[in-house]
Amino acid sequence: MFTPDTLREKTFLVTGGGSGLGRAMALGFARAGAKVAVLGRRPEPLQETVAAIQALGGVAAWASADVRDPASVAAAVDSLEAELGPINGLVNNAAGNFLSPSEELSPNAFNSVVQIVLYGTFHTTQELGRRWIERKTGGVILSIVTTYAWMGSAFVLPSAAAKAGVLAMARSLAVEWAHYNIRCNAIAPGPFPTEGAFSRLMMPGAQEEALNHIPLRRFGKPEELADLATYMMSDMASFMTGECVVIDGGEWLYSGQEFGHIAGYDREMVKQFMAAMRPSKKG
Ligand code: HXC
């Protein structure tokens with residue numbers, strides 16, 4: 001589907017691009033021909049992503065910044081643009097999350113997740129958006145949320161509240177910044193087994209149970225998310241804005257369906273039961 005020309009003349013910034021889904025997207029963009037900037041707190045994973053992209057023959061740069069701090073974001077974008085040229089796409093991927101009973105959250109625990117996810121997304125979005133508006137170039141923003149951005153979720157209250165805010169931000173700016181030819185979309189992934197997410201969110205022994213809630217009966221592969229992001233960031237999606245695409249193997253629909261659990265039973269047995277329950281024809 002994608003060639004090394006798909007993202008030619010694109011330079012994309014991926015926050016949290018040193019690991020997990022951010023790294024997978026950074027590599028996917030590079031394979032499709034983009035120059036890639038990665039930003040995060042720890043230099044080592046960022047350097048590793050840049051080296052992996054360079055090993056593919058791609059062009060990449062990294063800068064260390066905490067998305068919670070707007071001044072450090074601005075300085076990082078300055079240095080990345082000095083190295084790679086103007087950035088014309090942003091992926092808000094950096095996130096913070098952990099499982100906790102909500103009544104036990106300290107103010108700082110709530111604050112740290114909301115600062116990373118919601119404020120961090122605002123800081124990077126505003127930093128790049130201002131540059132694009134001033135330069136009159138347009139741009140594209142993709143924010144990674146989750147399916148509980150609209151459902152809410154027990155035990156991840158700060159993340160759920162923040163991701164709902166990020167989704168509202170994407171939809172708000174899709175309308176407001178269409179005037180500047182800036183597209184704003186979101187992706188809502190279900191479970192993808194990355195170290196960062198699963199070490200914090202998957203309780204021991206919970207993987208089998210989690211799989212039972214996914215109609216496609218497997219977790220996502222990072223490159224599947226990267227392919228979707230590549231499409232949504234590319235000019236192939238130039239009429240798409242304000243959209244949130246779910247990629248979760250059917251998990252969130254399953255969670256709300258009255259009879260969805262039947263799809264997990266032995267299909268021949270289900271058919272026999274349903275045939276037996278069918279009223280016999282009169283006469
Ligand atoms: C309760 C906790 C906690 C936990 C930290 N805190 N972990 N409280 N339960 N498990 C509290 C601390 O005690 C502290 O409060 C406050 O949170 C800040 O913690 P720090 O470690 O000082 O903060 P910081 O170093 O900034 O780290 C931020 C973090 C950390 C969010 C806590 O986990 C992190 O850096 N995460 C980044 C990567 C990540 O989370 N990836 C997963 C994303 S997955 P006090 O009061 O003691 O000072 C995702 C999508 C999931 O978001 C979708 C699934 C379908």
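Just so you know, ligand 1 is whichever comes first in the structure, and atom 1 is the first atom listed for that ligand.
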Per-atom contacts of ligand 1 with Gly196, taking only distances under 4.0 Å to non-hydrogen atoms: 41 (N), 42 (C)

Counting only heavy atoms not in Met277, do more than 12 fall under 6.0 Å of its CE? no

Considering all protein heavy atoms, does one lie under 4.0 Å from atom 22 (O) of ligand 1? no

With the threshold set strictly below 4.0 angstrom, can you tell me whether any protein non-hydrogen atom sits that near atom 12 (C) of ligand 1? no

Counting from 1 in the order shown, the ligand 1 atoms closer than 4.0 Å to a non-hydrogen atom of Thr146 are 50 (C), 53 (C)

Mode of Glu104 contact toward ligand 1 - side chain, backbone, both, neither (heavy atoms, under 4.0 Å): neither

Which ligand 1 atoms are under 4.0 Å away from a heavy-atom of Ala109? 8 (N), 11 (C), 15 (O), 16 (C), 17 (O)

Is atom 8 (N) of ligand 1 touching the protein, meaning some protein heavy atom lies under 4.0 Å away? yes

Give the C-alpha distance, both sets of side-chain angles, the deciding distance and a yes or no for side-chain hydrogen bond (donor to acceptor under 3.5 Å, both in side chains) between Asn88 and Thr137. CA-CA 8 Å; Asn88 44 31; Thr137 54; over 6 Å; no

Near Phe2 CZ, under 6.0 Å, is it more than 12 heavy atoms from other residues, nucleotides or ligands? yes

Side-chain heavy atoms nearer than 4.5 Å, only ILVMFWY residues, links allowed to pass through others: does that put Tyr231 and Phe239 together? no

Considering heavy atoms of the protein only, find what lies nearest to atom 5 (C) of ligand 1 and give residue, atom and distance to 0.1 Å. Phe98 CE2, 3.7 Å

Atom 54 (C) of ligand 1: closest protein heavy atom, distance to 0.1 Å, is Leu201 CD1, 4.1 Å

Regarding Ser143 and Asn92, do their side chains bring together a donor and an acceptor under 3.5 Å, going by distance alone? yes

Closest to atom 38 (C) of ligand 1 among protein heavy atoms sits Ala95 O, 3.4 Å

Enumerated ligand 1 atoms positioned under 4.0 Å from heavy atoms of Arg41: 24 (P), 25 (O), 26 (O), 27 (O), 34 (C), 35 (O), 37 (C)

Could you identify the single nearest non-hydrogen protein atom to atom 31 (C) of ligand 1 and state the distance to 0.1 Å? Gly96 CA, 3.7 Å

Full working for side-chain hydrogen bond (donor to acceptor under 3.5 Å, both in side chains) between His213 and Glu209: CA-CA 7 Å; His213 295 190; Glu209 176 64 11; 3.1 Å; yes

Is there side-chain contact between Glu127 and Arg131, with heavy atoms separated by less than 4.5 Å? yes

Close-contact set for ligand 1 against Ser106 heavy atoms, below 4.0 Å: 15 (O), 45 (P), 46 (O)

Nearest non-hydrogen contact to atom 36 (N) of ligand 1 from the set Met202, Arg200, Lys163 belongs to Arg200

Around atom 29 (C) of ligand 1, find the nearest protein heavy atom and jot down its residue, atom name and distance. Ser112 OG, 4.3 Å

Indicate, with yes or no, if the rings of Trp252 and Trp150 have centres closer together than 6.0 Å. yes

Is there at least one protein heavy-atom neighbour under 4.0 Å from atom 15 (O) of ligand 1? yes

Can you list the atoms of ligand 1 that are under 4.0 Å from a heavy atom of Asn108? 14 (C), 15 (O), 16 (C), 18 (C), 45 (P), 46 (O), 48 (O)

Please list, in number order, the atoms of ligand 1 under 4.0 Å from a heavy atom of Arg68. 26 (O)

Closest to atom 44 (S) of ligand 1 among protein heavy atoms sits Ala197 CB, 3.8 Å

Are Ser100 and Phe155 packed together at the side-chain level, in the sense that at least one heavy-atom pair is separated by less than 4.5 angstrom? no

Above 12 or not: heavy atoms from other molecules or residues under 6.0 Å from CZ of Arg135? yes

Is it the case that atom CZ in Arg218 sees more than 12 heavy atoms from other parts of the structure closer than 6.0 Å? yes

Asn97 N/O to ligand 1 N/O under 3.5 Å: yes

Could you check whether Phe198 and Phe219 have their ring centres less than 6.0 Å apart? yes

